[in-house]
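Working notes, beginning with the structure itself.
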Amino acid sequence: MKHAFFIISMEHYMKSSEDVPITFLWDKDQSSDHCLFIIVKGGSKIRNLLNPVSSKFPNQRLRKICFTGQGNAISKVISCAEIFKRQHKELHQVNELVYRQYQDLWSPRENAGLESLKVTKNIPVLRISLLKDKPSQSLGYQPPGEFELVWSQDAKKDAEKEKIKKHKEFYRKPTYSKKKKCNQPH
């Protein structure tokens, strides 16, 4: 069976509606008084996200912090969570990755026999929840203190590389260069 692909230039189309989210995520959790939700965007500065969280976290009623971001903000969500976990080592972590679907509707500019197009995009959304209490779910769970093992191994490797580098520099044979004679009159 042969498939025919037609390349249609999008210059003959215009967007008839904005991105419409098809799926909605985590709406039921956001009403909790014991949870602080941080929406991370691509242009957000990490210190502007973490400073308010650090001041609110010692509150005894606050049991959970959620960092959520989508698309190009996912790496910033991970950075925020890791920095915060390093400051507060007793936290449990739950990672949730889902895809949010958006739908674009494109209609033809002219009546040239073209049909309307419906384009569906899947955008990754990451939510990292940091909890004071151990969660009941095990999917995406990371216990507290597990990150220290990885960081300590990396630190040991770096220290060993530095030791080898210093050893090589210390025992390196010195290089001597010949002095050039100056053509100066005596």
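Note that the numbering runs from 1 along the sequence shown for the chain.
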Do you know which two heavy atoms are closest between [X] and [Y], and how far apart they sit?
{"X": "His92", "Y": "Pro144", "result": "ND1-CD, 3.2 Å"}
{"X": "Cys80", "Y": "Leu49", "result": "SG-CD1, 3.7 Å"}
{"X": "Ser79", "Y": "Ile46", "result": "CB-CD1, 3.8 Å"}

Could you tell me if the side chain of [Y] sits less than 4.5 Å from the side chain of [X], heavy atoms only?
{"X": "Val94", "Y": "Ile128", "answer": "no"}
{"X": "Lys85", "Y": "Leu130", "answer": "yes"}
{"X": "Leu97", "Y": "Val125", "answer": "no"}
{"X": "Tyr99", "Y": "Ile123", "answer": "no"}
{"X": "Trp106", "Y": "Ser116", "answer": "no"}
{"X": "Thr68", "Y": "Ile38", "answer": "no"}

Review point. Can you list the residues that meet the side-chain contact (heavy atoms from CB on, under 4.5 Å) rule with Glu115, with sequence neighbours excluded?
Key: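 For Glu115, no residue satisfies side-chain contact (heavy atoms from CB on, under 4.5 Å) once neighbours in sequence are set aside.
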Review point. Considering residues at least two apart in sequence or located in another chain, which fulfil the side-chain contact (heavy atoms from CB on, under 4.5 Å) criterion with Pro52?
Key: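 Per chain and number, Pro52 pairs via side-chain contact (heavy atoms from CB on, under 4.5 Å) with no residue.
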Check your understanding: Tell me, which pairs form a salt bridge (charged side-chain N to carboxylate O under 4.0 Å, His left out) where one or both residues lie in residues 132-144, sequence neighbours left out?
Key ->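 The answer is Arg63-Asp133.
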Practice item. Could you tell me whether a side-chain N or O of Lys76 sits under 3.5 Å from a main-chain N or O of Gly42, the two making a donor and an acceptor? Key: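 Pair found, side chain donor or acceptor close to backbone of Gly42.
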Exercise for review: Kindly say whether Val40 contributes a backbone atom to a donor-acceptor pair with the side chain of Ser44 at under 3.5 angstrom?
Suggested key: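 Not a single qualifying donor-acceptor pair exists.
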With sequence neighbours left out, write down each residue that passes side-chain hydrogen bond (donor to acceptor under 3.5 Å, both in side chains) with [X], or none if nothing qualifies.
{"X": "Asn51", "value": "none"}
{"X": "Asn95", "value": "Gln93"}
{"X": "Gln70", "value": "Tyr102"}

Review point. Has Ile164 got more than 12 heavy atoms of other residues, nucleotides or ligands less than 6.0 Å from its CD1?
Key: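 Enclosed: over 12 neighbouring heavy atoms sit under 6.0 Å from CD1 of Ile164.
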Exercise for review: Check the pair Lys118 / Asp104 against salt bridge (Lys or Arg N to Asp or Glu O under 4.0 Å), numbers first and verdict last.
Suggested key: CA-CA 6 Å; Lys118 188 186 294 185; Asp104 291 336; over 6 Å; no
